[in-house]
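Single-structure report; data block below.
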Number of protein chains: 2
Amino acid sequence: MTGKPKWLTSTAIWSTRVSLARIDNKWTAMVVLALGKGGLRFGDLRVRIGGISAKMLTETLRDLERDGLVARHIHAEMPPRVQYELTDLGRSLYKPLQAIGRWAEEHTAEVLAARDAYDARQ
Amino acid sequence: MTGKPKWLTSTAIWSTRVSLARIDNKWTAMVVLALGKGGLRFGDLRVRIGGISAKMLTETLRDLERDGLVARHIHAEMPPRVQYELTDLGRSLYKPLQAIGRWAEEHTAEVLAARDAYDARQ
DNA sequence: CAGTATCCTTGCGGATACTG
DNA sequence: CAGTATCCGCAAGGATACTG
């Protein structure tokens, strides 16, 4: 994410890599999926995702905001309220991401079975 | 990938996390995408993907084989030929993954523009 | 050709403490 | 509440050398 490596020639591959690298972040996809049904505030987002530290959630949200996938709305109150929601661009990624999520739910059992079989063979 | 953390309660979320963790590997998605159009041997796969070390390609392929997404065919010749191809399970993941790839190609320009705008603002 | 073995660096990401 | 700041361990993964 810090610049295009010299060995890269194809922009198609590079652009694919860029978005995969976005997802690669391990938390990014989870955040987009969590925001898919509507905006959430920082704390709720953290609970919803589960297992993410404040640091990682902040960094992930900043990256997503920077890339134009998430919008941040600050309500100047005390205590502060910060609402995060997907932009149009973010929503356009939500659908394909959801398809991956569905694939996971449908095929995890198969994957785990394959894994057990493979391990038993060794 | 080494066991279910104690803090996790929802299996739906967990299964999502499992497959995202698969993709998370940074190279896994690239490999599945590269094999989508048909089988490839180790060397060709490496060239096709680009920028991946032999070590990482080997590890990624073993993981995918273990999870039942990729099949490995060894042709006992000299020099050896090893062909990799997607299983039915692997092919079922290919489609949603391809959707992500398409999203990338279509929206990378927007993402980069948003990124530049964000950076200019700082 | 298709790996394996080994070493070594980098940075992800958790834990903790603090603030507007 | 919604972060920031700092420290730090560990493992991902690159480079290099070697092998059936």
Side-chain angles (χ1 to χ4, degrees), chain A residues 1-8 17 20-31 34-35 39-66 70-85 118 122, chain B residues 1-8 17-18 20-31 34-35 39-67 70-85 118 122:
Chain A
M1 232 37 130
T2 29
K4 179 173 177 172
K6 334 85 207 127
W7 49 259
L8 238 171
R17 196 182 302 271
L20 291 177
R22 287 256 91 273
I23 292 163
D24 168 353
N25 174 4
K26 171 182 178 181
W27 295 118
T28 314
M30 295 294 291
V31 169
L35 291 176
L40 286 172
R41 22 197 317 201
F42 189 86
D44 295 337
L45 202 42
R46 224 187 134 184
V47 171
R48 174 76 77 89
I49 293 173
I52 186 171
S53 63
K55 180 190 175 188
M56 288 318 299
L57 183 52
T58 304
E59 289 180 8
T60 303
L61 285 168
R62 288 295 169 282
D63 285 349
L64 285 170
E65 195 192 352
R66 190 166 99 103
V70 161
R72 186 162 178 260
H73 302 287
I74 307 160
H75 300 265
E77 306 168 6
M78 207 50 177
R81 284 186 42 194
V82 182
Q83 186 88 355
Y84 292 92
E85 55 184 345
Y118 183 95
Q122 304 311 312
Chain B
M1 230 35 138
T2 29
K4 180 173 179 172
K6 338 80 207 127
W7 48 259
L8 237 172
R17 197 182 301 270
V18 165
L20 292 178
R22 286 257 90 273
I23 291 163
D24 168 352
N25 174 1
K26 170 183 177 181
W27 294 118
T28 313
M30 295 295 292
V31 169
L35 291 177
L40 286 173
R41 25 200 311 203
F42 189 86
D44 295 338
L45 203 42
R46 227 189 131 180
V47 171
R48 174 76 77 89
I49 293 173
I52 186 172
S53 62
K55 180 189 175 189
M56 287 319 297
L57 183 52
T58 304
E59 289 180 9
T60 303
L61 285 169
R62 287 297 169 281
D63 285 349
L64 286 170
E65 195 193 351
R66 190 166 98 103
D67 287 359
V70 161
R72 186 164 177 258
H73 301 289
I74 308 159
H75 300 265
E77 305 169 6
M78 207 48 178
R81 283 186 43 196
V82 182
Q83 188 87 356
Y84 292 92
E85 54 184 344
Y118 183 96
Q122 306 309 311

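Numbered from 1 within each chain, the chains take letters A, B, ... in sequence-line order.
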Review point. Of all heavy-atom pairs between B:Arg46 and B:Ile52, which one has the smallest distance, and what is that distance?
Key: NE-O, 3.0 Å

**Study point:** Nearest-angstrom distance from the residue atom CG of B:Leu57 to P of D:dA12
**Key:** 17 Å

Check your understanding: Under 4.0 Å between a side-chain N/O of B:Arg72 and OP1 or OP2 of C:dA2, yes or no?
Key -> no

Review point. Taking the side chain of B:Met56 as heavy atoms from C-beta outward, which of D:dG14, C:dA2, D:dA2 is closest to it?
Key: D:dG14

Exercise for review: Rounded to the nearest angstrom, tell me the gap between atom CD1 in A:Ile52 and atom P in D:dA2.
Suggested key: 14 Å

Study note, to complete from the structure: Here the gap from B:Asp67 atom CG to B:Thr28 atom OG1, rounded to the nearest 0.5 Å, amounts to 9.0 Å

**Study point:** Rounded interatomic separation in angstrom, taking CZ from A:Arg81 and P from D:dC1
**Key:** 13 Å

Check your understanding: More 5' along DNA chain C: A:Lys55 or A:Met78, using each one's nearest nucleotide?
Key -> A:Lys55

Exercise for review: Examine C:dG3: is either OP1 or OP2 under 4.0 Å from a nitrogen or oxygen in the side chain of B:Tyr84? Give yes or no.
Suggested key: yes

Practice item. For a side chain to side chain donor-acceptor pair (under 3.5 Å) with B:His73, tell me which candidate from B:Arg81, B:Gln83, B:Arg41, B:Glu85 qualifies. Key: B:Glu85

Exercise for review: Just name whichever nucleotide pairs with D:dA15, Watson-Crick or G-U, keeping both distances under 3.5 Å, else none.
Suggested key: C:dT6

Review point. Reckon A:Arg41 has a side-chain N or O less than 4.0 Å from the OP1 or OP2 of D:dC1?
Key: no

Revision key, fill the gap. Taken to the nearest whole Å, CD1/A:Ile49 to P/D:dA2 is 13 Å

Point to revise | Gap between atoms CD and P, on B:Glu59 and C:dT6 respectively (whole Å) | key: 14 Å

Review point. Atom CD of A:Glu77 to atom P of D:dA2: distance rounded to whole Å?
Key: 10 Å

Check your understanding: Which nucleotide sits closest to the side chain of A:Ser53: C:dG14, C:dT4, D:dA2?
Key -> C:dG14

Check your understanding: Starting at CZ of A:Arg62 and ending at C1' of D:dT4, how long is that distance when rounded to a whole Å?
Key -> 10 Å

Exercise for review: Give the C-alpha distance, both sets of side-chain angles, the deciding distance and a yes or no for side-chain contact (heavy atoms from CB on, under 4.5 Å) between A:Thr58 and A:Phe42.
Suggested key: CA-CA 8 Å; A:Thr58 304; A:Phe42 189 86; 3.6 Å; yes

Practice item. Look at the side chain of A:Pro80 and decide which nucleotide, out of C:dG3, D:dC1, C:dA15, has an atom nearest to it. Key: D:dC1

Review point. To the nearest Å, how far apart are B:Leu61 CG and C:dC1 P?
Key: 17 Å

Check your understanding: Is there a side-chain contact (heavy atoms from CB on, under 4.5 Å) between B:Tyr84 and B:Val31 once you walk through the steps?
Key -> CA-CA 10 Å; B:Tyr84 292 92; B:Val31 169; over 6 Å; no

Review point. Can you tell me the Watson-Crick or wobble partner of C:dG20, both distances under 3.5 angstrom?
Key: D:dC1

Review point. So what does A:Arg46 touch, heavy atoms closer than 4.0 Å: a base, only the sugar-phosphate, or nothing?
Key: nothing

